[in-house]
Protein chains: 4
Amino acid sequence: MRKSDSSNVTRKPRNPGRPRSESSRTSIFSAVLKLLATKSLRDISIEEIAFEAGVSKATVYRWWSNKTQLAIDAFLNDISVKAPFVVRGTITDTIVSQVHALADQYRGRDGEILRQIIAECQASPEDMKIFHQKFLFLRREEAKRYIRIARKDGVIASKLDDDTIIDMIYGPIYYRLLLRHARIDKSFVKSIVDHVFKQFGPIAVANIRPQS
Amino acid sequence: MRKSDSSNVTRKPRNPGRPRSESSRTSIFSAVLKLLATKSLRDISIEEIAFEAGVSKATVYRWWSNKTQLAIDAFLNDISVKAPFVVRGTITDTIVSQVHALADQYRGRDGEILRQIIAECQASPEDMKIFHQKFLFLRREEAKRYIRIARKDGVIASKLDDDTIIDMIYGPIYYRLLLRHARIDKSFVKSIVDHVFKQFGPIAVANIRPQS
Amino acid sequence: MRKSDSSNVTRKPRNPGRPRSESSRTSIFSAVLKLLATKSLRDISIEEIAFEAGVSKATVYRWWSNKTQLAIDAFLNDISVKAPFVVRGTITDTIVSQVHALADQYRGRDGEILRQIIAECQASPEDMKIFHQKFLFLRREEAKRYIRIARKDGVIASKLDDDTIIDMIYGPIYYRLLLRHARIDKSFVKSIVDHVFKQFGPIAVANIRPQS
Amino acid sequence: MRKSDSSNVTRKPRNPGRPRSESSRTSIFSAVLKLLATKSLRDISIEEIAFEAGVSKATVYRWWSNKTQLAIDAFLNDISVKAPFVVRGTITDTIVSQVHALADQYRGRDGEILRQIIAECQASPEDMKIFHQKFLFLRREEAKRYIRIARKDGVIASKLDDDTIIDMIYGPIYYRLLLRHARIDKSFVKSIVDHVFKQFGPIAVANIRPQS
DNA sequence: CAATAATCGAGACGGTACGTCTTGTCTTCAC
DNA sequence: GTGAAGACAAGACGTACCGTCTCGATTATTG
């Protein structure tokens, strides 16, 4: 067998040298999440993460430029969308159930981590931008797709732009997540979504769950 | 009135020892605000504040247990309510104009500072509690008074509790303040308050129908 | 009556104003000595002394310019010469018994304090000078008087100057006091004084204790 | 010999990680000695040493637990025995010339440094112990070797133990070094050693008589 | 007896240094 | 080339004392 054969068609052009350790990557993520269970992101040091992960500090720095970006990746790697839009029943049902699922998620550990990440991003526009790109905008884009479906279905007759509608729904939830003045309980979430959907056009009010 | 009387009445119970320097207090506040104009609260060190204020580090630590609590006091000392509830026109007018004034304020320097303070509070429940007591709850209580007036006037017929109504109004604004995905512009604020007030109360409900 | 009369011979010219508190003075001395029983002079702060004495820091600073000078005064106020030259037996007896008494004293608490004071004086020529004037030179002068008597009595025939003879006797004791490589026990002191007095002239050797 | 063999034999067990910087070590020593030329060890701060050496404070603390131990090492690194025992002439000549060389050394900068180190050691038994081990005991052991030779040669017939003899010789010198009441001049040193050596041994004793 | 004056306590103040901690980089050897 | 180990420069942390100061209260002498 010749050399050219061994590097077959589908093989991507493998870099020379020792390949990146996958176990390092995952143990770093585990370490971050484990430490986040005990203290704030701000109070966690990279040294601590490296020690907890059994990895050298340089390895952490080679792959992430700071603690916030590492936390974002660890968070994304872990959650894999616990609050998806599930198409079942009316479009209103789909959206409402997603908002409730999101609230459930944010009441727990994931809300805590998200709170920490958003806090850290306040000190760095660059990190905030990365948070937008890797998390917030993707979620909002997905939400917008369903908002547009709702418009098409006549459930939303309002001329408000998608961003404003999304902020009306999720804004109060994030407000409570970050200000912590009250719990994000089910009745609160129900009040928010009821209020938003009742408002948007008479059809919406009339047809809120006509199919069921 | 005899001397003994007046001394009883007017004498304030002066503490022993050198009195606290008022000029230190104000120059520390000025220093914090000046530095907050150039960088995040997180990136400001107490050493820097002390130097900028021409004060020793110990003096800062004597009066504030950490940077966040100092920032809260500096902020409160400075703002003295730029977005008051002004009673003019209907109760709806009063509330709506306050929300707009608040949004105006948060678009500028005060929003930036508030963002920084809220971020820092995420790392410390104790600091968050102080923020609640010194700022958030006072503002919310004031808002509740006007919400109650609106209820009495029949403008709000909804059975939603005061906290939820407040979060519907201010939540989206704080959401944009903290997540920074979009500006808190006038049209956004108008959309929010219109939406909230159209919904509540019989008149609002009645007025929706004509569109259909 | 003239002024000179009114301020009579024994009356000292009393200053106006509140007189210095004698109780403060003594309680400061007590505090210093008490603290010196637990830690080194270097590790004692003036704040601690003031607190322990129930006195304000300013009172300490008003009367002593630094900790070392205060310690010197506290030490002198306390010891009142525990190792005097007692004239009994021959002049050699007098000197030898004083050296032994001094060694006894230095083995204990007083040696510890003296060690601390001498150490602190190494950092300040001014303090060292005060130590010389208030302690060392007075003691050495007294010793010299007895050395001179010994010379006159023919016990010391050597032409060595008084200072050198004193340093031969006390040097090894202070050496052990300060370097702490060995105890200043009785046999060591005996060896030193025997050695010194045997040396000085045949009379000395012959008459070391002829009277007894 | 094969490669694997040579690597076994000559390989020193190299520690992992970045090796200690030799240039930091020497520049720290230089900084200490330079600063000691201008002020007392007590008045030198570790911050100052680090700055002068162009090194971070943490690097100093990594290798020395305090200023005193650092000063001891800097001193030892620098002096490399300026007052050795040189075997020439009689054993008495050897010892006497060493004592004079030591006095010469102590009259200058080295005496000043030693004074500072001994002073600092008074506040810390641990530091004093290190001073004993790294400096004092080594020097005294060496001196004892020559004392023993002197005994064997009959120059010292006295039954006094080695430590006492050493303290008789060096004690007065250290006494003047530390109390600073008089200079350690050549005539003083000569008086001390003459006195000690005249005393010991039968010849010395015999030679005293003629004077009478 | 009032005025004057020094002392006292309490404790705030501007400073300085402490010894620790974390950051992000660098240097070495091992794989 | 990647990784572990760990030294390094930089610099902030929060604490502890320094020596000074600013108060009001106290305690003496002087007028």
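Naming convention: chains lettered A, B, ... in sequence-line order (proteins, then strands); numbering from 1 in each chain.
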Salt bridge or not between E126(D) and K129(D)? Use side-chain N to carboxylate O under 4.0 Å.
no
Under 4.0 Å: is that the gap between some side-chain N or O of W63(A) and OP1 or OP2 of dG3(F)?
yes
Expressed in angstrom and rounded to an integer, what is the separation of [X] atom [atom1] from [N] atom [atom2]?
X      : N       : atom1 : atom2 : result
R20(C) : dG9(E)  : CZ    : P     : 11 Å
E22(C) : dT7(E)  : CD    : P     : 14 Å
Y61(D) : dA7(F)  : OH    : C1'   : 18 Å
R25(A) : dT2(F)  : CZ    : P     : 15 Å
E48(A) : dT20(E) : CD    : P     : 18 Å

Checking [X] now: which residues fulfil side-chain hydrogen bond (donor to acceptor under 3.5 Å, both in side chains) with it, not counting sequence neighbours?
X       : answer
S45(D)  : none
Q122(A) : none
K57(A)  : E47(A)

Near DNA chain E, counting only heavy atoms under 4.0 Å, which residues of residues 30-46 of chain C show up?
none
Sorted by first residue and then second, give each side-chain hydrogen bond (donor to acceptor under 3.5 Å, both in side chains) pair with at least one member in residues 26-37 of chain D; sequence neighbours left out.
K34(D)-E52(D)
Between dA12(E), dC8(F), dT2(F), which nucleotide has the shortest distance from any of its atoms to the side chain of S24(D)?
dC8(F)
Please figure out whether N66(C) or E47(B) has its closest DNA chain F nucleotide nearer the 5' end.
E47(B)
Using the test salt bridge (charged side-chain N to carboxylate O under 4.0 Å, His left out), find all partners of [X] that sit at least two apart in sequence or belong to another chain.
X       : value
D127(A) : none
K134(A) : D73(A)
E48(B)  : K39(B)

Closest non-hydrogen atom pair, L33(B) against A74(B)
CD1-O, 4.1 Å
Quick check on contacts: within residues 115-129 of chain B, what sits under 4.0 Å from DNA chain F by heavy-atom distance?
none
Where along residues 51-59 of chain B does a heavy atom come under 4.0 Å from DNA chain F, residue by residue in number order?
K57(B)
Scan for salt bridge (Lys or Arg N to Asp or Glu O under 4.0 Å) pairs involving residues 24-33 of chain C, sequence neighbours excluded, and state none if there are none.
E22(C)-R25(C)
Looking for any heavy atom pair under 4.0 Å, which part of the strands does W64(B) touch: base, sugar-phosphate only, or nothing?
nothing
Pairs touching residues 25-56 of chain B that satisfy ring-ring contact (aromatic ring centres under 6.0 Å, His included), sequence neighbours left out:
F29(B)-W64(B)
Determine whether a donor-acceptor pair (one donor, one acceptor, N or O, separation below 3.5 Å) exists between the side chain of R18(D) and the base of dC8(F).
no
